[in-house]
Each structure stands twice: as structure tokens, then as C-alpha cells.
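Working notes, beginning with the structure itself.
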Amino acid sequence: MKITLKDGSVLTLADGASVNDAALAISAGLARAALAAKVNGEVRELATVLCEGDTLEILTGSDPEGLRVLRHSVSHVMAQAIMRLWPEAKLAIGPAIDRGFYYDIDRDGGFTMEDLEKIEAEMKKIVKEDEKIERFELPREKAIAFMAEKNEPYKVELIQDLPEDAVISFYRQGEFTDLCAGPHIPNTGRIKANAFKLTSSTGAYWRGDSKRKMLSRIYGTAFMKKEELDAYLAQLEDAKKRDHNKIGREMEYFTTVDVIGQGLPIILPKGARVIQLLQRWVEDIEQAHGYLLTKTPFMAKRELYKISGHWDHYLDGMFVLGDPKDETKECFALRPMTCPFQYQVFLNRARSYRDLPMRLGETSTLFRNEDSGEMHGLIRVRQFTISEGHLVLRPEQLEEEFKGCLELAKVMLGTVGLLEDCTFRFSQWDPKNPSNKYEGTPEQWEHAQSTMQKILDDLGVEYSIGIDEAAFYGPKLDVQYKNVFGKEDTLVTIQIDMLLAQRFGMEYVDEDGKKKTPYIIHRTSLGCYERTLAYLLEKYAGALPIWLTPEQVRVLTITDRAVAYAAQIKEKLDAMGVRCTVDSRNEKIGYKIREAQLEKIPYMLILGDKEAETGEVAVRDRRDGSTANMSYDAFAAKLAVEIATKAH
RNA sequence: GCUGUUGUGGCUCAGUCGGUAGAGCAGCGCACUCGUAAUGCGCAGGUCGCCAGUUCGAAUCUGGCCAACAGCUCCA
């Protein structure tokens, strides 16, 4: 028979040949490195028998899909090791994930780091035993009985929840058998004993449901070569050095204090300056894009939130002042969003279609009573300020205005340098959501979502779909960003809302003299300033682009004789609006340079007798430590260009 | 909220068996006036996260609470 390989070439094999035979026919080296294969586009294992006309791509550790198969098998080996060490443990699920794998296990007391070492040692034995990994299938009832007999209640539940017609497969290696759809590598010996590592142990709810039991999850990762594992672990360590929560505190951008409370960071002068720069910039750009700046209260009576629906959907997340249940007394709540406040601007008087689109922008501080375990540095806090905005629209303006919002957000994210690492998520409702989260009719949702989809497709936006990620009033386009630990959060959001205008009685008089209900877009342009600052610190490892950095230039004197000259230079820099300080302390120049370097100040001007005499400045560049003597004017010109172009 | 780890001067950390706290850096003072990543000497700084309990005696043992970190769940 003939099969087609990835590069288009045709391989002739005996009938009944397997993927492994094909790999051997290509080269012995490939057969040794092979972990799985893509047959007609589907990931299959090496034992798969090929058919005439199949297309074949052999997968090794250098293919992401091959690595996934390997890691999935390593998770089985880990489960086997755990069952050898602690036979009373109960297995839940153990998939491969982006950076490795995990297995959820029910065992009293969880696992300590010492336990992980024991497990690793046992895993190495299993690798050495080189057990064959074999697949077999069982009919539903037998499969349930099999796992019940093994006293694996989680596996029984998993099988029971499979569709009636599902193929129920198992994988066996030595004495260990696990319920699993596969595919897997052919034998445990193909795992490199020095190229996997168990990285952490933590809690995770059974089936991701916080009402159910918390199991112990062990995370690990695996590669084909020790060097790849070492490089990965080194890269993780390196990423942690960029953690904004560490450098943001060390470099004095923010801090937290016990007596103020969780999720309420103190933004220190450097952080406050960066946020001020961002806010001014955003407000100015939005003004240029036709936004009207508003300033609305931080709190309102309970009645406002009842109209908006937040009282019903969001009460737990709000800071309430007063007794929320006592209807005889006034009760206020700090705002968790700006929508109903900003709508009052529209409602201020009767509106004409000529007023639309009405683009309202506000640098808006919000308060959300997050659960105590959710706070994280500046990324997840209880009080934060966003570049909020609401656009009130005629229906036919929706598409163009949505595009405008996306373009604006892209320009801003691009300017600060974060756009290249962003991904887009189309957050949709889940009509099956059991907790009655969503308002509006299926028709309204269908309309809002199909409109958004059309816009996204027209714009050629590459996006993933997030089911059950919508707001209660409409679908969202979320711009997502990952922190140094790989955890993703929303940076910017653009939402279509076809419900709230009606609830607030927002209307406009159309050309035909009839009153109509507008559409609304909720959007942010640069998102939450605290969060954006956090990501900027991580992206640039604390060395922010020069237009944003709190201190752009530091003037360092070599001796007291240069102090007067330094003051002259500073005066000139001040006059051009450069953020600059003079370090005229009586310290050695190396000491001052070291400090400025650690503070990641872009330029140092080092001034001594020579410079005072010639009227030049010695410019030291933070990035490479290079120095060059030049006239002040030459430096000022270069600096002005870098700041004006917002270089990064 | 849940699981786990952690909490000692501003920062990084030491502190043995329960006997009342120690270093480096930073800060302050003095001397040095120095050419591209740490000059020397000296001084000061802590209710050991908070509150109870056990004990003759608690940084150390027990409990509760608070906060920080990672993960889960939730979310901008």
C-alpha cells in the first residue's frame, strides 16, 4: 500500500503495516524518536495500522503534539508510582496541559515536596522497567464494574457521564490500568528518566466545581531531553525574576499594608507617576476620538443597582454601606462598574439621533469585593481604576463604532508594547448555565453574538471562543494577557449590550420622529491602570519605555566641583519637561552609577571637571552601559525624539 | 471561599533542646573629592504578623485571626 508523508512524498509499505513500521522504513533514528503520529490529521499511537492512501506525519518530542502524548503518558506513570506508594489513593483525572501535565488525586493530607521526590524516584523505576503500554476497550457495564472493583469512584463517575455510545478505552502498563482515551507512547522506557520533573502540589476541585471535594493536584513536566527540561526550568526561574509583584515592590512602585487590607495596594510615587502619565495620555487620545469626559460618583443608592441588575447578579461582589436587607433604611454601595452612572449623562435631557453616537469616557475607580484568595499584586485588586467608556448608538452605528473601539484599544496596547502578547477571546453566553446568570431573550443574545461575530470576522480578528464567559447583559470581546506565571487575565474588554438601555429608559428621537432604544457598547481602551502597570513591569522587567518611566535622566556629579554645572543641566532638562534628578552626594561615581543602574533609569549624565570645562555631557545608556560625550543640545535632541516617539 | 506554603529591623536572611534577638545591605553621622556597577569607620533601628492559651519562662509549643505567595474556584 501507499501512504503520503508530510512532505508530500509517497511511501510504499506492506499491507497491515503500522505507523511504527512506517517510521522504521523512513529511518531507524526516526523510529527511536517517534512518540506518536498524525494519521489523516488525527493524533494516533505508533501501533496504529495504516490503510491505503493514509497521510502520515510522525510526531517526536520536537512537535508540540508529540510532546503532549509523551506528557500524558508520563502522567500515567506518575499515577502508577503513586498507586504503588499509596494504594489507598483514589485517581481522578490526569491530562497533558500546555506546559506539562497534572494528575488529580484524592488522598488525605495531600502530598509534600518529600512525597514528590519519592514519587519521582518510583517513576524512574517504572521507566526502567520499560513496560509496554497497551490499549483495550470494554463495554459500559463491564468498564464500570472494572473500576468499581478497583475502588476508583471518580473513574466510575467519569464513565457514567460518558455518552451512551462512547467507546470506553483503557491503557495498561504493568500492574497499572487507567481509564483513558489516549493516545499514548508505546512503552514506558521511551520516557527519559532525567527529562521529567514534578514541579508542585496544590489543591483542585473535583470537576472544577467549588462545591465538590478538593483533591490534590500534582503538576509536572516532561521533555525528550534533559537539556530541554533544564532550559525550561531555567526559563521559569527567569520569568519569576520579572514578576511585577516582586520587582514592583522592590523598585517601590507599590506596596501593601496589613492594616489597610487585602487587595488594596498603596501606589507609591513611582507607580502613581506612571499611572498618571498613562491616564493623561488615554484621556487626551479619547478626546481626540470624540469622547466626552465624565466624572461620576463612586457610590449610589441600592435602587440604582436594582435597575441595572447588579443588585441581583452581583451583590456578593459589592461593598455595601448599610444593611442590604433593610428596605426601610437608605442603603448605599460602592460602584463595581460605571455603566448606570454614565447612563445618567445620556439621560440628562431628551436625546436626538443627532446626539449619536455619544461616546462617553471616564477614568473610573471601581470597587469589587473579591474573595480573599483571588488577590494578586496589582493584577487582581479590590479597588482599581479603568479607562472606562460607554458608547450610546443607533443600531446601524454598532458595527463601525465597535471597530473604532477595537482600533483604539489596539493603538493604545501597541503603543505601550503589550499588543504583541495579547490574545482575543470572544466571550459568549451559555444558554444552559444553571445559575440563571444571563438576562434577556435567546433572540437578543443570538442577535448580539452574531453581530459581534460578523464584526470580528470582517476585521479578521483571530480569536478563541469562551463559552459562559459573557457578561450578564451581553457578549464580550476580551483582550487577554498572560502574566509571568502563564496565568491569563483580561486587559481590555469591548462588550455589546442590548438590554440595559431599555432598563434605564434610555431613548432617542429618530429621524422619523419616533422614540427608539439605543444600543450600548461598554469598553475599555487601556483597561485597568493597575493591571496595565503590572504587565508593563513584567514585560520590561522593570525598565519601562522612556516616555513612561518615572525618572528619565539622572545627573551624577563626580566631585563637588561639578555641582553647579549639574544644576545648570538639570534646569535645562526641567525646562523641556524631562523627569530628572541630580545625585550630588559625596559618593564615588561607581556607587552612584550602580544605584541608577539598579533603578533602571534610562540615561545617566556623568559630570566632572572635564564636562564642566567643555560644556559637554557624558551620557551613559542604561541598556548597554555604553558612554559617549556629546553636547547637551545633541543629547536633548536625541532624548526629545525618543520620548516623543514613545520608543520601547 | 477552598488546598498548601510562608510571616524575625526598610530589604535579604541566621537564631541549636523553650531561658527574653544577630548579620549583611539600606538609613544616619564622621572622614575621604574620587572618571563609569558597592570607600572606610562609627551610630541608631526589632513588643519576633496580631490575639489568646500551655509554661516559672514562648520568636520557638497549641489554638484562633490577619497578611503575603502558588494553585483551584470566581473575575476587569
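In the text below, chain A, chain B and the rest are named by the order of the sequence lines, each starting its count at 1. When reading the values below, keep in mind they use all heavy atoms of this one structure, side chains included, and skip hydrogens, waters and symmetry mates.
With a cut-off of 3.5 Å on both Watson-Crick or G-U wobble distances, the partner of B:rG10 is given as B:rC25. Pair assignment for B:rU3: B:rA70, on the basis of Watson-Crick or G-U wobble contacts that are both within less than 3.5 Å.
Both thresholds, 5.5 Å between centres and 30° between ring planes, are met by A:F384 relative to the base of B:rA76, so the two rings are stacked.
Residue contacts for A:T627: at a heavy-atom cut-off of 4.0 Å it reaches a base atom on one of the strands shown. In this structure, A:S372 reaches the bases: a heavy-atom distance under 4.0 Å links it to at least one base atom across the strands shown. Within the nucleic acid shown, A:S210 comes within 4.0 Å of sugar-phosphate atoms alone, with no base atom in reach, counting heavy atoms only. Within 4.0 Å of A:K610, counting heavy atoms only, lies at least one base atom of the nucleic acid. Within the 4.0 angstrom heavy-atom criterion, no nucleotide atom of any strand lies near A:G527. A:G486 comes within contact range of no nucleotide atom at all, as no heavy-atom separation falls under 4.0 Å. In this structure, A:D489 reaches the bases: a heavy-atom distance under 4.0 Å links it to at least one base atom across the strands shown. Among the atoms of the strands shown, none is found under 4.0 Å from any heavy atom of A:K213. No contact: A:D478 has no heavy atom under 4.0 Å from any strand. The residue A:V479 sits apart from the nucleic acid: no heavy atom pair falls under 4.0 Å. When heavy atoms are screened at a 4.0 angstrom cut-off, A:G110 is found touching no nucleic acid atom at all. At the heavy-atom level, A:L215 lies nowhere under 4.0 Å from the strands shown. Among the atoms of the strands shown, none is found under 4.0 Å from any heavy atom of A:E595. A:A596 comes within 4.0 angstrom of nothing in the nucleic acid, heavy atoms only.
A distance-only check finds no donor-acceptor pair linking the side chain of A:K197 to the backbone of A:L229 [under 3.5 Å]. Between the side chain of A:Q428 and the backbone N or O of A:G466, no donor-acceptor pair lies under 3.5 Å.
Distances shown here put a side-chain N or O of A:Y219 below 4.0 Å from the OP1 or OP2 atom of B:rC72. Side-chain N/O atoms of A:R620 include one lying less than 4.0 angstrom from OP1 or OP2 on B:rA37. Taking 4.0 angstrom as the limit, A:K211 places none of its side-chain polar atoms (N or O) nearer than this to OP1 or OP2 of B:rC2. In this structure, A:Q262 reaches the B:rA68 phosphate: one of its side-chain N or O atoms is under 4.0 Å from OP1 or OP2. Close to B:rU12, at under 4.0 Å from its OP1 or OP2, lies no side-chain N or O of A:R249. For B:rA26, one of the phosphate oxygens OP1 or OP2 lies less than 4.0 angstrom from a side-chain nitrogen or oxygen of A:Y591.
The side chain of A:F485 sits closest to B:rG71 out of B:rG71, B:rU73, B:rA68. When distances run from any side-chain atom of A:K487 to the nucleotides B:rU73, B:rA76, B:rU33, the shortest one goes to B:rU73. The side chain of A:I593 lies closest to B:rA37, out of B:rU73, B:rA37, B:rU33.
Under 3.5 Å, the side chain of A:R380 and the base of B:rC74 form at least one donor-acceptor pair of N or O atoms. Judged by distance alone with a 3.5 Å cut-off, a donor-acceptor contact links the side chain of A:E370 to the base of B:rA76. With hydrogens and angles left out, the side chain of A:R217 and the base of B:rC72 share no donor-acceptor pair within 3.5 Å. Counting atom types as modelled, A:E250 pairs no side-chain N or O with a base atom of B:rG10 as donor and acceptor under 3.5 Å.
Spacing between B:rA26 and B:rA38 at atom C1', rounded to whole Å, works out to 12 Å. Comparing the C1' positions of B:rG22 and B:rG46 gives an interatomic distance of 11 Å, to the nearest angstrom. For the C1' atom pair drawn from B:rU73 and B:rU20, the interatomic distance equals 45 Å after rounding to whole Å. B:rG1 and B:rA44: their C1' atoms are spaced 45 Å apart (whole Å). Rounded to the nearest Å, the gap between the C1' atom of B:rC72 and that of B:rA37 is 43 Å. B:rC41 and B:rG24: their P atoms are spaced 10 Å apart (whole Å). Of the C1' atoms belonging to B:rA52 and B:rU5, the separation is 24 Å, rounded to the nearest Å. Remark: the separation of the C1' atoms in B:rU6 and B:rG49 is 11 Å, to the nearest Å.
Taking the centre of each ring, A:F472 and A:H310 come in below the 6.0 Å mark. Here the two rings, on A:F635 and A:Y603, have centers that are under 6.0 Å apart.
Note that A:R217 lies in the cation-pi zone of A:Y102, set by a 6.0 Å cut-off to the ring centre and a 45° limit from the axis. For the pair A:R107 and A:F111, the cation-pi test (distance below 6.0 Å, angle within 45°) is passed.
When each of A:R561 and A:I379 is assigned the nucleotide of RNA chain B bearing its nearest heavy atom, the one mapping closer to the 5' terminus is A:R561. Each of A:K246 and A:T493 lies near RNA chain B, and the nucleotide nearest A:K246 is the one positioned closer to the 5' end.
Of the charged side-chain nitrogens involved, none lies within less than 4.0 Å of a carboxylate oxygen, so that A:R380 and A:D489 do not count as a salt-bridged pair.
Applying side chain to side chain contact (heavy atoms under 4.5 Å, CB included) to A:F254 and the options A:I275, A:L533, A:N245 leaves one that passes, A:N245.
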